[in-house]
Amino acid sequence: MEEKKSKVILHGMWASTYSKRVEIALKLKGISYEYVEEDLKNKTESLIQLNPVLKKIPLLVHDGKPVADTQVILDYIDETWKNSPRFYHEDPYERAQVRFWVSYINQQVFDVVARVLYQKGEAATRSVEVARERFRVLEEGLKKHFPNKIIRENDDVGLLDITIIASFGVHKVFHESIGVEIIDPVNTPTLYNWIEQLQKLPVIKEVEVPHDRLVTFLQKYRQEHLQQAANA
């Protein structure tokens, strides 16, 4: 439940994994909010005025005060609404491990996955190889630092879980869209099972994007990007 009555607005985009992180965080905390869907090719004046530096989604507006940048927003939510679940472990070393692996996903894994989506031919093949190696590193890190991960309820979910499910919960859509499978129960069993556990939670089901809609979106988005690259 919310600790105090306040007005919360989230500017986001339905297919954005970054918006999805904030949506999940708000749902986990039980925070009521108004959602504003943004067209990234024609952003609202409110978004541009409230986020003049980045001009990006997600943007959280709390009682008229804008908060930008995904990670900053997630920290703000956890620090403002101190009810369970807390997004960080009480132990400093555990917190450090969470921050490290979230950073690794953001900076090393997510970027190369995007390259796979936007490339074809030899370039795409090389990016797939890099992606698989980085997922291997992530798999080993999760297995070593977070052994026997069990997720049964909302209180078991923290920042790393939010990042994993928002970033990789659609891996089957990614496979269907471009024919590349990077996450599977054989090569990345820890990550695969982590995602499967999270997807059973009702709060995660609430923010899931329809599978077929996202497949269509990714295929169209990829073709547009490849066509622009060909014409450049």
Side-chain angles (χ1 to χ4, degrees), residues 1-10 12 14 16-35 58-63 67 69-106 109-110 135 138-172 183 185 188-210:
M1 297 297 291
E2 295 180 64
E3 294 184 351
K4 60 180 180 179
K5 187 68 175 178
S6 56
K7 183 175 183 180
V8 178
I9 301 172
L10 173 61
W14 69 273
S16 167
T17 62
Y18 294 102
S19 289
K20 199 61 62 180
R21 296 183 195 190
V22 179
E23 287 186 68
I24 292 169
L26 292 170
K27 293 281 188 181
L28 285 168
K29 291 284 190 178
I31 303 167
S32 299
Y33 64 96
E34 175 187 340
Y35 179 77
L59 175 71
L60 187 79
V61 185
H62 180 207
D63 289 336
V67 184
D69 184 89
T70 307
Q71 190 56 55
V72 173
I73 294 171
L74 294 174
D75 287 344
Y76 178 84
I77 290 171
D78 197 38
E79 292 166 3
T80 302
W81 290 274
K82 300 183 184 298
N83 56 296
S84 184
R86 299 308 305 269
F87 297 160
Y88 292 97
H89 200 280
E90 292 183 1
D91 180 76
Y93 182 73
E94 294 295 328
R95 287 201 302 273
Q97 289 303 313
V98 165
R99 289 189 173 106
F100 176 84
W101 290 107
V102 167
S103 176
Y104 182 79
I105 290 171
N106 291 340
V109 182
F110 198 73
F135 271 103
L138 176 61
E139 171 73 15
E140 292 302 314
L142 295 178
K143 186 162 52 177
K144 177 180 178 180
H145 296 288
F146 310 96
N148 305 314
K149 177 71 174 182
I150 301 297
I151 303 169
R152 294 195 178 97
E153 56 187 17
N154 290 357
D155 285 355
D156 297 324
V157 180
L159 179 66
L160 182 57
D161 309 290
I162 292 171
T163 304
I164 285 174
I165 193 62
S167 302
F168 309 132
V170 296
H171 68 93
K172 294 176 183 177
I183 299 173
T188 54
T190 302
L191 179 58
Y192 186 90
N193 290 333
W194 201 308
I195 293 168
E196 290 288 299
Q197 289 185 76
L198 284 165
Q199 288 179 329
K200 293 177 182 178
L201 296 178
V203 70
I204 300 301
K205 292 181 182 295
E206 285 181 28
V207 299
E208 281 183 349
V209 176

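Quick caveat: nothing in here was measured; it's all calculated off a predicted structure.
- Side-chain atoms of Leu10 and Pro58, non-hydrogen and from C-beta on, do get closer than 4.5 Å to each other.
- Using bins of under 30°, 30° to 60° and over 60° for the plane-to-plane angle, the ring pair Trp194/Phe146 lands in the perpendicular bin.
- For Lys205, the NZ atom is densely surrounded, since the number of other residues' heavy atoms within 6.0 Å is greater than 12.
- Residues Ile151 and Gln197 share a closest heavy-atom pair of N-OE1, 2.8 Å.
- Other residues, nucleotides and ligands contribute more than 12 heavy atoms inside 6.0 Å of the CD atom of Glu206.
- With contacts defined as side-chain heavy-atom distances shorter than 4.5 Å, the pair Lys149/Leu142 does not qualify.
- Between Glu23 and Lys20 there is a salt bridge, since a side-chain N of the basic residue sits under 4.0 Å from a carboxylate O of the acidic one.
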Practice task
Would you sort out whether Val61 and Val67 count as a side chain to side chain contact (heavy atoms under 4.5 Å, CB included), showing the intermediate values?
Solution key: CA-CA 6 Å; Val61 185; Val67 184; over 6 Å; no

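- We find the OG1-CZ distance between Thr163 and Phe87 to be 10.0 Å, quoted to the nearest 0.5 Å.
- Ion pair Lys172/Glu196 flagged as a salt bridge, since at least one NZ, NE, NH1 or NH2 atom sits closer than 4.0 Å to an Asp/Glu carboxylate oxygen.
- The shortest side-chain heavy-atom distance between Leu26 and Tyr35 does not fall under the 4.5 Å cut-off.
- To the nearest 0.5 Å, the span separating CD1 on Ile9 from CG on Leu59 amounts to 9.0 Å.
- No donor-acceptor contact under 3.5 angstrom links the side chains of Asp63 and Ser6, judged on distance only.
- Using modelled atom types, no side-chain atom of Thr188 and backbone atom of Leu191 make a donor-acceptor pair closer than 3.5 Å.
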Exercise for the section: Check the pair Val8 / Leu60 against side chain to side chain contact (heavy atoms under 4.5 Å, CB included), numbers first and verdict last. Expected result: CA-CA 7 Å; Val8 178; Leu60 187 79; 3.5 Å; yes

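- To the nearest 0.5 Å, the span separating CG on Leu159 from OH on Tyr88 amounts to 4.5 Å.
- Ring orientation note: the planes of Trp81 and Tyr76 are nearly perpendicular, at an angle over 60° on the 30°/60° scale.
- Minimum heavy-atom separation, Leu28 to Val203: CD2-CG1, 3.8 Å.
- Between Ile165 and Leu201, every side-chain heavy-atom pair lies at or beyond the 4.5 Å cut-off.
- In this structure, Lys82 and Glu79 approach most closely via the heavy-atom pair NZ-O, 2.8 Å.
- Minimum heavy-atom separation, Asp156 to Asp161: O-OD2, 3.6 Å.
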Practice task
Please report the C-alpha distance between Lys27 and Tyr33 in whole Å, then the side-chain angles of each, then the deciding distance to 0.1 Å, and finally whether the side chain to side chain contact (heavy atoms under 4.5 Å, CB included) criterion is met.
Solution key: CA-CA 9 Å; Lys27 293 281 188 181; Tyr33 64 96; 3.6 Å; yes

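- Note on ring orientation: taking the six-membered ring where Trp is involved, the planes of Phe100 and Tyr104 are parallel (angle under 30°, cut-offs 30° and 60°).
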Handout entry: Audit row: Val98, His89, side chain to side chain contact (heavy atoms under 4.5 Å, CB included) steps and yes/no
Key = CA-CA 8 Å; Val98 165; His89 200 280; 5.6 Å; no

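- Nearest heavy atoms, Phe110 versus Asn106: CB-O, 4.0 Å.
- Listed for the Ser103 side chain is no donor-acceptor partner under 3.5 Å among the backbone atoms of Arg99.
- Of all heavy-atom pairs spanning Pro85 and Asp78, the tightest one is O-OD1, 4.0 Å.
- A search for side-chain contact (heavy atoms from CB on, under 4.5 Å) contacts involving Asp69 returns Leu54, Gln71, Val72, not counting sequence neighbours.
- Going from atom CG of Asn148 over to atom CG of Asn193 covers 11.5 Å, rounded to the nearest 0.5 Å.
- Not counting sequence neighbours, Glu34 has no partner by the side chain to side chain donor-acceptor pair (under 3.5 Å) test.
- Side-chain N or O atoms of Lys29 include none that pairs as donor or acceptor with a backbone N or O of Ile77 at under 3.5 Å.
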